[in-house]
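Single-structure report; data block below.
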Amino acid sequence: MEQEFREDLHLTGVKKLGLMGGTFDPVHQGHLAAAEAVRCCFGLEKVVFVPSGCPPHKIDHGITSKENRYLMTELATLSNPYFAVSRVELEREGYSYAIDTVRYFQRLLSPAGRLYFITGADAILDIVSWHAAQELLDCCVFIAATRPGFRQEIIRERLKAQLTPEKLEKIVAVEVPAMDISSTDIRRRLSEGRTIKYLLPETVEEFIYKNHLYGAAGDRR
Ligand code: ATP
Ligand code: MG
């Protein structure tokens, strides 16, 4: 898919770029801690968060507007000079395939640049069902964020029948510390009037209460 959209994410000279896709509804410490752990582990010069358009599998919970998800992701990442947020999927009509986003970032990077696609381990186990999965594995290293103690061989065992050894080698697991935090749990807590303190950055928490997102009452608990 050819795209007109361009943005300046200060990627000049970047050779190792992390991409962290997600709905970010809302973004939380799990996402941030995972991105930072992967950045340090692989010596990435930058990690770009890529909030999705409206994913078909998430329509059912009445997804938050893309501008609010984008703003929360901006607020959450501002204090880390290695993090940036891309609007590429928000500017597209409808849902974006990962392969379109990867091709977009390939065009922004120099030919020597390498892409590291960060995602939860559960999603990786499904990778063969993704659109253009084989091409995706040619273009990027996949980093599967796992719970501490996760048996990493599970990924290899589950995928070895469907992927060549070269492609399997492009999937690497990294243990991250805050895997139990989820946006679903945060949304549920807010709708029940329970605390979300320390599960996401304070700036994002303030934004949620101020804008009454997720049924949050005006006062913080
Ligand atoms: P939801 O509960 O609505 O599915 P989520 O918390 O899983 O939301 P997403 O925006 O769906 O958040 O996730 C974006 C990416 O971050 C996905 O690759 C997902 O697997 C990964 N991820 C989600 N939660 C965590 C976490 N606590 N630690 C590390 N990675 C996570
Ligand atoms: Mg999820």
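Residues take their numbers from the sequence shown, with the count starting at 1. Scope of the values below: all heavy atoms of this structure, side chains included, with no hydrogens, waters or symmetry mates. One-based numbering, in listed order, for ligands and for the atoms of each.
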Problem set entry | Contact atoms of ligand 1, heavy-atom distance to Phe24 under 4.0 Å | 10 (O)
For this session: Check each atom of ligand 1 against the heavy atoms of Gly22 and keep those under 4.0 Å away; list them by number with element.
Result: 10 (O), 14 (C)
For this session: Check whether the side chains of Ser182 and Arg188 place a donor and an acceptor atom closer than 3.5 Å, and report yes or no.
Result: no
Exercise. Tyr70 ring centre to Arg87 NZ or CZ under 6.0 Å, with the angle to the axis within 45°?
Worked result: yes
Exercise. Is Ile155 reachable from Leu168 through a run of I, L, V, M, F, W or Y residues, each pair having side-chain heavy atoms under 4.5 Å apart?
Worked result: yes
Problem set entry | Distance-only N or O hit between ligand 1 and His31, under 3.5 Å | yes
For this session: Output yes when the distance from some N or O of ligand 1 to some N or O of Asp180 is under 3.5 Å, and no in every other case.
Result: no
Exercise. What part of Ala178, side chain, backbone, both or neither, has a heavy atom within less than 4.0 angstrom of ligand 1?
Worked result: backbone
Exercise. Between Phe24 and His31, does the ring centre distance come in under 6.0 Å?
Worked result: yes
Problem set entry | Cationic N near anionic O, under 4.0 Å, Arg69 to Glu89 | no
Exercise. Taking 4.0 angstrom as the limit, do Glu157 and Arg151 come out as a salt bridge?
Worked result: yes
Exercise. Is the closest heavy-atom distance from Asp25 to ligand 1 below 4.0 Å?
Worked result: no
Problem set entry | Arg103 bridged to Glu135 by N-O distance under 4.0 Å | yes
Exercise. Within the side chain of Glu205, is there an N or O that forms a donor-acceptor pair under 3.5 Å with the backbone of Leu200?
Worked result: no
Exercise. Which one holds for Ser182 and ligand 1: side chain close, backbone close, both close, or neither close, with close meaning a heavy atom under 4.0 Å?
Worked result: both
Exercise. Would you say Ala145 and ligand 1 have an N/O pair spaced under 3.5 Å apart?
Worked result: no
Exercise. Which atoms of ligand 1 have any heavy atom of Met20 under 4.0 Å away?
Worked result: 16 (O)
Exercise. Nearest 0.5 Å, what's the CG-CD distance between Asn80 and Glu36?
Worked result: 5.0 Å
Exercise. Arg187 heavy atoms, cut-off 4.0 Å: which ligand 1 atoms fall inside?
Worked result: 3 (O)
Seminar exercise, completed: Check: of Ala33, Ala121, Ser183, min heavy-atom distance to atom 6 (O) of ligand 1 comes from Ser183
Exercise. Any idea which atoms of ligand 1 are less than 4.0 Å away from a heavy-atom of Thr119?
Worked result: 18 (O)
For this session: Check if Gly21 has a non-hydrogen atom at a distance under 4.0 Å from any atom of ligand 1.
Result: yes
Exercise. Going by the order shown, which atoms of ligand 1 are within less than 4.0 Å of some heavy atom of Ile181?
Worked result: 24 (N), 26 (C), 27 (N)
Exercise. Does a salt bridge link Lys210 with Glu206, judged by any charged N lying under 4.0 Å from a carboxylate O?
Worked result: no
For this session: Please confirm whether His28 comes under 4.0 Å of ligand 1, counting heavy atoms of the residue only.
Result: yes
Exercise. Can you check whether Gly120 has an N/O within less than 3.5 Å of an N/O in ligand 1?
Worked result: yes
